[in-house]
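See below for the structure under consideration.
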Amino acid sequence: MSQIAELRVSEIEQFIAKLLDSPPYSLDPQERHDALLSLFKQELEYACEHSPHFANYVRHWPVRLAAAKTIAELPYLPVSVFKKNPPLSLVPASEIKRTLTSSSTSGQVPSRVVLDAATSRRMTKGVIAIIRDFIGPARRPYLVVDTKENLGRQTELGARGAAIQALGSFATEMVACLSTDAQGEPSLDIDKLLAFAEKWKQADVLVYGFTYVLWTQLVRPLQQRGITLGMSKVHVLHSGGWKRLEQQAVTKDIFVRDVAAVFGCAPDRIIDYYGMVENVGVVYPDCVRGYKHVPAFAEVMIRDPLTLAPVKPGKQGMVQVCSVLPTSFPGFLLLTDDIGEIVGEDGCACGRRGTYFRFLRRVPKVELRGCGNLETTRQRRNGTSA
Amino acid sequence: MNELAQMHEIINQVDSPHQLTDAARRLREAASEKDFTPQRVLEIFEQWAAALDDREVRDIPGVTFLRLWLRRGTLEPILIRELGPEWLAGEWRQDGRARLRAFPLGVVGHWPAGNIEIQAVLSLTCALLGGNTCMVRVPSGLVNPTRRMMEALATIDKSEFLASRIFLASFEHSRIDLHEAIARSVDGAMIWGGEEAVSQVRALPFPHWARVVVFGPRLSVAAMDAAAWADKNESASWCRRIARDVWQFEQQACSSPQALFVERDGAADPSGFVENLKLAFEEENQAHPRGEIEPALTSAICRTRASWLLEDLGNRALFPQSADWTILLGTGTEIPQPTQGKTLSVLVVDDLLEAIAKFDGSVQTLGLGVKDASKEEAIAEAAGRHGVDRVVRLGQMHVFSSPWDGMDLVRPMMRMIRHVKSYD
């Protein structure tokens, strides 16, 4: 690495460290924007130096990097480019420590992002900084509503495993309450769960599960047996899509009410958060007002699908997530396939500073129609599927 | 709603199969009561073309093509070619000891594609020309433009000669019972659209005698020889023609160019040509801006831009900050997976015939800008052999004409009657 490149890396590292060390929701929005703009520019230059292909993309962007005056003008990637295999990388293969894969729905190609040691470390720090702000810094018993296979460290890690492990830093002990039956299907290990609940009834406890898994594998079986765990000081974190629960007519309100009832805790201890493997180190838990907040080391903007320009608060559009944390892959500025809305730029009643927003839904798939739509035919002929 | 009032509805909101079977009965009666002559239809169509110049309808995408289609000067030669001059004069054609004459099938059902505003009207005009009556299922997205175009017809067809031969129905795509009711009532069908829609309609319970014509999903490409694109005097004009072809129907029509193959010109760089193309796209965009877009299309456009530039260091691209249009520049003889949404892949090839040799039957139209006449001759020949159904000049890729998709447009909805006299 050249001396200039080394200097740039060390400068970037220092900047990121500063942002990670400050309380995640304390910065003045304008101050944060300016700091992030400068850092993103450096990171993009760094990425261009390390990937000629990414440099080709940046070179063709309609706004020159040096001329960009806002984060919105910087070159962003659509999140779907991470479905590529081998995944986009800014580091040599020898430096890749882990590959994260998204939880794609059946038949879809999962996203894959590569982490080197530095990005992996920052990812953990980022998640800890955010979650700490919601549940406090203490380490506590950690109940995972999943099988023990997802607890261990693996070089190729799915979204569930990544989410479970990211919260591991808060754990004094980690217990998985699902086991795999003879058919390979997960089921609730009721004895293990009840023993854990009995042991930690009076303690602060952290619980994590994928939303759908938590509902089908823990809440419903306990409801059927009429069991309440009586863990009033629990924090239940969950993430993952709502699609399958919506198909079962389980709304967010019903979910929160029933999860709280089963654990015997207040509903505000059930925290839904949004996260995506491509946006490493950044998760968006719901605050008590039901909104998602952007931490100091990240940014979120909503773009009008027609103009791709950022829209004002209250207007719906496509969500762009931004994070300064990755340096092993170009995941700084990502246009997602989600529709959302900025609620405010600052001053949420929950007390957190900075942009707060909400996710509304996935971008609906275009209905196959029209005499010029050959997608299905050509895919079948080529033996591929999207 | 009484029967008379229902007849006067331009697009009927249908919710029961009975409405459709009743309408089919009325269409049969209308067909037998009215005095049909091709000349009368041509006359009304000519007036309709003029009425479509009204500013209320002029802005509907494709109306310019529809007006051109409805002109007597366009249709008469088509009828003569497909059915013969005798038919146009209302006479039989002698065929040895027999004589021949085309008669309409009867009631023709139409299922137009949902993405082409003028398609419901184009489809029904084909059947009307032969003397058929028409029952049309109008997709939800076409209700408004179709109503406006049919209102223009109503202003000149005072006696309802044509209006009484048409029943336009609107209902949810998922109402299989209503699709089936149309299918059971018709003697022929013209089906247009993407694979999924076409397959569903094809499977409906048509009578065993019904003739079904399918205009299924296709794509189109453009090609230019070096002499055409490298000509500095003509480059801008060619680029405007290409932009026009790309802009129509949001590049979703089967006749929309998805890729442009440009033949290599020694060491000449196509950058200047692509810059002209960019200017033409900007001008076209200013003249015909998009009003709205589905987020999924925006997402696809962004994905295509990124994938193209990340894939190969030699790939280049021009695009604005919005999703308005995209030009991808590279090399290769394969047609890339279409993105639509005004995304054109410009691919430099050593020889246009190399690209054409790879066409697989999915290509409907080849738009050409070729200066060398002998080369164009060879290209048209090769295109025909590789499944292309139309070879036209750039700027005219959407001009609707017969044959379309390699098929006649009027004759398939006709029966050729053979009469051998019982006494010599």
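Between L310(B) and N56(A) there is no side-chain heavy-atom pair separated by less than 4.5 Å. Looking at S299(B) and L335(A), their side chains never come closer than 4.5 Å, going by heavy atoms from C-beta outward. You'll find the side chain of T304(B) stays beyond 4.5 Å of the side chain of P78(A), heavy atoms only. Side chains of H60(A) and R316(B) form a contact here, defined as non-hydrogen atoms less than 4.5 Å apart.
Other residues, nucleotides and ligands place more than 12 heavy atoms under 6.0 Å from the OH atom of Y274(A). Within 6.0 Å of atom CD in Q247(A), more than 12 heavy atoms from other residues, nucleotides or ligands are found, so the atom counts as buried in its surroundings. Within 6.0 Å of atom CZ in R175(B), more than 12 heavy atoms from other residues, nucleotides or ligands are found, so the atom counts as buried in its surroundings. Applying the 6.0 Å contact sphere to CZ of R64(A) captures no more than 12 heavy atoms from other residues, nucleotides or ligands.
Atoms NZ and OG, on K84(A) and S307(B) in that order, are 8.5 Å from each other to the nearest 0.5 Å. Rounding to the nearest 0.5 angstrom, the gap separating the CG atom in L309(B) from the NE2 atom in H53(A) is 10.5 Å. Rounding to the nearest 0.5 Å gives a distance of 8.5 Å between CZ of R303(A) and SG of C302(B).
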Intermediate values then yes/no, side chain to side chain contact (heavy atoms under 4.5 Å, CB included), W308(B) and Y57(A) = CA-CA 9 Å; W308(B) 182 255; Y57(A) 182 63; over 6 Å; no
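Heavy-atom pairs under 4.5 Å with chain B were tallied for A309(A), S80(A), P62(A); the largest tally goes to P62(A). Chosen from D324(B), V198(B), L318(B), L313(B), the residue pairing most often with chain A at heavy-atom distances under 4.5 Å is L313(B). Looking only at heavy-atom pairs under 4.5 Å with chain B, the residue among L308(A), L77(A), V79(A) that has the most is L308(A).
In this structure, chain A has heavy atoms under 4.5 Å from both the backbone and the side chain of P295(B). The parts of L306(A) that come within reach of chain B are both its backbone and its side chain, each placing non-hydrogen atoms under 4.5 angstrom from that chain. Only the backbone of E292(B) comes within less than 4.5 Å of a heavy atom of chain A; no side-chain atom from C-beta onward does. In this structure, chain A has a heavy atom under 4.5 Å from the backbone of E311(B), while its side chain stays farther away.
Judged purely by atom type and a 3.5 angstrom limit, T298(B) uses its side chain to pair as donor or acceptor with the backbone of P305(A).
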